[in-house]
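Here the structure comes first, spelled out in structure tokens, and everything after it is commentary.
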Amino acid sequence: MRIPFLASQSVDEQQLILDLTRRTAEGLTDWLARYPIVRAARVWPVALSVSAAAPLTSDRGIMAATKLGLWIFALDDVFDEELIPESMLLRRAESYQELIGGQRPRRETDDDMSTALRDIRRDLEEFPVFSLLQDEFSASFCRMVEGMLNEYRWRMIRRGGESN
């Protein structure tokens with residue numbers, strides 16, 4: 001596979017990015033086993049994207065960002081593939097928004113996505129900069145979930161179904 005961005009880097013940079021990607025992918029093996037809703041096929045491309053964007057970031061930082069990216073893809077799959085009933089989907093989406101904001105969800109959900117998101121948030125909290133960016137990050141995350149909800153609703157309307 002030829003990746004233009006990677007090919008434009010020096011051999012040393014390419015090696016750094018690929019080594020970081022490999023370490024990240026290998027380091028996620030246990031995490032992925034706990035969360036089967038996250039598709040393992042996405043690990044390499046997400047880890048490569050994160051590693052290429054920030055090759056001088058710590059392995060821990062690359063791992064946290066990759067987990068978040070994988071979680072977002074998994075949530076998109078849940079929405080797009082309608083993997084759970086609509087009422088449960090809406091309840092969980094609200095819970096995810098509360099969790100990322102550091103709140104205890106009003107309606108507790110006990111699903112893999114919630115548990116994974118709690119793990120990811122704990123990982124992010126280990127970085128000192130997170131406390132400075134938490135509000136903006138949470139707001140952006142909530143807007144992303146709202147965007148997925150809107151896309152889901154539009155799809156239901158196009159099908160002639162009801163959506164709340």
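This one's a predicted model, so the numbers in the text were calculated from it and none came from an experiment.
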For T57 and L20, the nearest pair of non-hydrogen atoms, with its separation, is O-CD2, 4.3 Å
Q) Given the rule in the side-chain contact (heavy atoms from CB on, under 4.5 Å) test, do R158 and R153 qualify, once you have shown the distances and angles that lead to the verdict? A) CA-CA 9 Å; R158 278 196 314 269; R153 289 178 184 123; over 6 Å; no
Minimal heavy-atom distance between F127 and G61, with the atoms involved, is CZ-CA, 3.5 Å
Applied to residues 4-15, the side chain to side chain donor-acceptor pair (under 3.5 Å) test, sequence neighbours excluded, yields Q15-D19
Scanning both residues in full, the closest heavy-atom pair of A25 with W44 reads CB-CE3, 4.2 Å
Using distance only, find each side-chain donor-acceptor pair of residues 63-77 under 3.5 Å and give its atom names and separation, not counting sequence neighbours.
from: T66; atom 1: OG1; to: I62; atom 2: O; distance (Å): 2.7
from: K67; atom 1: NZ; to: D123; atom 2: OD2; distance (Å): 2.9
from: W71; atom 1: NE1; to: M113; atom 2: O; distance (Å): 2.9
from: D77; atom 1: OD1; to: R42; atom 2: NH1; distance (Å): 3.4
from: D77; atom 1: OD1; to: R42; atom 2: NH2; distance (Å): 3.3
from: D77; atom 1: OD2; to: R39; atom 2: NH1; distance (Å): 3.2
from: D77; atom 1: OD2; to: R42; atom 2: NH1; distance (Å): 2.5

Between A41 and P45, the two heavy atoms sitting closest are O-CD, 3.5 Å
Sequence neighbours excluded, the answer for side-chain hydrogen bond (donor to acceptor under 3.5 Å, both in side chains) partners of E146 is Q97
Step-by-step side-chain contact (heavy atoms from CB on, under 4.5 Å) determination, D112 to V38
CA-CA 9 Å; D112 284 351; V38 176; over 6 Å; no
> Can you check salt bridge (Lys or Arg N to Asp or Glu O under 4.0 Å) on R122 and E126, steps first, answer last?
Replying inline: CA-CA 7 Å; R122 276 192 298 273; E126 292 179 16; over 6 Å; no
* Does S138 reach the main-chain N or O of I100 with its side chain, forming a donor-acceptor pair under 3.5 Å? -> yes
Residues passing the salt bridge (Lys or Arg N to Asp or Glu O under 4.0 Å) test with R143, sequence neighbours excluded, are E136
Pairwise side-chain contact, E151 with M156, heavy-atom cut-off 4.5 Å (strictly under): no
Is any side-chain heavy atom of L89 closer than 4.5 Å to a side-chain heavy atom of V78?
yes
*asked:* As a quick check of understanding, evaluate side-chain contact (heavy atoms from CB on, under 4.5 Å) for V43 and L32, giving each step before the final call.
replied: CA-CA 9 Å; V43 171; L32 287 168; 3.2 Å; yes
E125 meets the side-chain hydrogen bond (donor to acceptor under 3.5 Å, both in side chains) criterion, sequence neighbours left out, with R121
dist L99:CG -> E94:CD (nearest 0.5 Å) comes out at 11.0 Å
Could you tell me whether R91 and E86 have a side-chain N and a carboxylate O separated by less than 4.0 Å? no
For Y35, the ring-ring contact (aromatic ring centres under 6.0 Å, His included) test, sequence neighbours excluded, returns W31
Practice task
Before giving the answer on salt bridge (Lys or Arg N to Asp or Glu O under 4.0 Å), spell out for R155 and D80 the whole-Å C-alpha distance, their side-chain angles and the decisive distance to 0.1 Å.
Solution key: CA-CA 9 Å; R155 187 172 51 250; D80 289 349; 3.6 Å; yes
Set out, in order, the CA-CA distance, both residues' side-chain angles and the distance that settles side-chain contact (heavy atoms from CB on, under 4.5 Å) for R34 and D119, then state yes or no. CA-CA 11 Å; R34 288 195 314 266; D119 287 351; 3.6 Å; yes
Separation between CG (D111) and OG (S95), nearest 0.5 Å, reads 7.0 Å
